[in-house]
Amino acid sequence: MGATRTVAVYSLGGTIAMTTDPATGSVVPALSAHDLLAAVPGLDGHGIDLRVHDFRRVPGASLTFDDLTELGAAVDKTLAGGDVDGVVITQGTDTIEETAFFLDLHHGHEQPIIVTGAMRNPTMAGPDGPANLYAAVLAASDPQLRGAGALVVLNDEIHAARHVRKSHTTSPSAFTSPGAGPIGRIAEDQVRLTAALPHRYGPLTRPRSREVRVGLYTVSLGDDGELLAAWDGRCDGLVVAAFGVGHVPQRLVESLERLAARVPVVLSSRIGKGPVLTRTYGFPGSEKDLISRGLIPAGDLGPYQARLLLHGLLAQDADRETITEKFSLFAR
């Protein structure tokens, strides 16, 4: 059967690419992209031409902004030729939700980017890597997903980058989309959409103009604010993962107001499902109070996604008005 579609595959390492280190007996990233594809039966029967790139061999936890920026540039160059129908990224599951959202923010092409990995490494009984890679290649080649941006495919489910979360440490069905659900599934070698393609708000296509540091501060019971004070003067922006709909202890309010006067401070929720409110509660430390003191509401973005968006905007020298406007799109 002649090739009818073309998919580029970039491997970054992670559990999907791990095998046993004979010196330690532990698993480490060692398999190449070609090794991964060789373990996937049946792909040659779909008329899909695979262009394979062995990009990195690191655990997902060790990926950096530089790695993802270089990956995005390589993908952009690959897609600019117009002869590739989609891209698959294989990596460690620890940071899949962040990689997918980062790529989605910067992806300016119609061809989909599919991020996948594995929860069980190849040395275990029933490794899920081959099945996930198989489904990811089928998804990347499917014209139904053009314009969808970056997506995550594991366990035969298709998740939008904006909503996907890793919600279990070991289960093969670890990836979910709280409050939204998957947008589709792979069944009988076909993409079956169950929801509309995710709405996208325009990519951050301007080049990175400076290095920035964006912190993430999670509020907890009995928080006295000492660790919050440690961020002052050490970050270009901060995301606060607050209680509930956007609440913090009253003792943190003045510190947050001072910090928000110097750098953008984004108010998100540590819950991971549902929006930050803007005008319901009015006590000191409530969402309405914090916004009046200069904090920027994150809409329904979780703290990890909010940090990536803030990082991308600050790296492009966006001003506070632009940052506020961009985050407001995620409250609609």
Side-chain angles (χ1 to χ4, degrees), residues 97-98 101 105 160-167 176-181 198-199 201 212-315 318-332:
E97 64 189 83
E98 289 171 275
F101 191 69
L105 286 176
R162 174 176 172 178
H163 298 294
V164 70
R165 303 286 187 274
K166 185 176 182 179
S167 55
T176 60
S177 291
H199 183 73
Y201 298 102
V212 297
R213 174 182 289 169
V214 176
L216 174 59
Y217 182 83
T218 302
V219 178
S220 55
L221 180 68
D223 196 332
D224 62 7
E226 286 299 311
L227 293 177
L228 176 62
W231 279 110
D232 197 1
R234 293 180 173 87
C235 63
D236 301 284
L238 182 69
V239 173
V240 176
F243 296 124
V245 297
H247 299 162
V248 304
Q250 184 173 348
R251 64 179 68 93
L252 269 61
V253 169
E254 291 186 3
S255 295
L256 285 171
E257 184 174 19
R258 286 194 299 269
L259 191 57
R262 291 192 280 273
V263 299
V265 178
V266 172
L267 180 64
S268 68
S269 172
R270 69 179 200 172
I271 301 301
K273 179 181 178 181
V276 166
L277 297 182
T278 59
R279 58 181 187 275
T280 298
Y281 295 91
F283 56 84
S286 69
E287 84 289 344
K288 187 175 180 181
D289 176 56
L290 294 172
I291 292 168
S292 74
R293 296 173 187 268
L295 275 69
I296 301 167
D300 68 356
L301 286 182
Y304 304 123
Q305 284 82 1
R307 176 175 173 266
L308 291 170
L309 178 55
L310 182 58
H311 185 280
L313 291 167
L314 288 173
D319 57 24
R320 187 180 296 267
E321 181 180 355
T322 301
I323 292 170
T324 302
E325 180 182 359
K326 194 69 174 179
F327 272 98
S328 73
L329 297 176
F330 290 92
R332 299 175 184 175

So [Y] and [X], do their side chains get closer than 4.5 Å, heavy atoms only?
{"X": "Leu290", "Y": "Glu257", "answer": "no"}
{"X": "Phe243", "Y": "Pro249", "answer": "yes"}
{"X": "Arg293", "Y": "Leu256", "answer": "no"}

Using only heavy-atom distances, determine whether the side chains of Asp319 and Thr322 contain a donor-acceptor pair under 3.5 Å. yes
Derivation of the side-chain contact (heavy atoms from CB on, under 4.5 Å) call for Phe101 and Val164: CA-CA 9 Å; Phe101 191 69; Val164 70; over 6 Å; no
Checking the side chain of [X] only, and the main-chain atoms of [Y] only, is there a donor and an acceptor separated by less than 3.5 Å?
{"X": "Arg307", "Y": "Val214", "answer": "yes"}
{"X": "Ser268", "Y": "Val240", "answer": "yes"}
{"X": "Asp223", "Y": "Val219", "answer": "no"}
{"X": "Arg279", "Y": "Leu277", "answer": "no"}
{"X": "Glu98", "Y": "Gln305", "answer": "no"}
{"X": "Gln250", "Y": "Pro284", "answer": "no"}
{"X": "Thr176", "Y": "Ser167", "answer": "no"}

[X] to [Y] - nearest heavy-atom pair and separation:
{"X": "Leu228", "Y": "Ser255", "value": "CD2-CB, 3.9 Å"}
{"X": "Ile323", "Y": "Ala318", "value": "CD1-O, 3.8 Å"}
{"X": "Leu295", "Y": "Ala260", "value": "CD1-CB, 3.9 Å"}
{"X": "Pro178", "Y": "Arg165", "value": "CD-CG, 3.7 Å"}
{"X": "Pro303", "Y": "Val239", "value": "O-CG1, 3.9 Å"}
{"X": "Leu216", "Y": "Trp231", "value": "N-CZ2, 4.0 Å"}

Stepwise, does the side-chain contact (heavy atoms from CB on, under 4.5 Å) test hold for Thr280 with Lys288? CA-CA 7 Å; Thr280 298; Lys288 187 175 180 181; over 6 Å; no
More than 12 foreign heavy atoms under 6.0 Å from OH of Tyr281: is that the case here?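 At most 12 heavy atoms, drawn from other residues, nucleotides or ligands, come within 6.0 Å of this atom.
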Taking atom CZ as the centre, does Arg270 end up with more than 12 heavy-atom neighbours from other residues, nucleotides or ligands that are less than 6.0 angstrom away? yes
Aromatic contact between Tyr201 and Phe330, with the criterion being ring centroids under 6.0 Å apart: yes or no?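 Yes, the ring of Tyr201 comes within the 6.0 Å limit of the ring of Phe330, centre to centre.
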Separation of Glu226 CD from Arg251 CZ (nearest 0.5 Å): 11.0 Å
Report the C-alpha separation of Ile296 and Val265 in whole Å, then their side-chain angles, then the decisive distance to 0.1 Å, and conclude whether the side-chain contact (heavy atoms from CB on, under 4.5 Å) test is met. CA-CA 6 Å; Ile296 301 167; Val265 178; over 6 Å; no
Given side-chain contact (heavy atoms from CB on, under 4.5 Å), test Leu301 with Arg162 step by step and report yes or no. CA-CA 7 Å; Leu301 286 182; Arg162 174 176 172 178; 4.3 Å; yes
Basic-acidic side-chain contact under 4.0 Å: Arg262, Asp232: yes
Under a 4.0 Å threshold between the charged nitrogen and the carboxylate oxygen, would Asp300 count as salt-bridged to Lys273?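 Salt bridge between Lys273 and Asp300, a charged N being under 4.0 Å from a carboxylate O: no.
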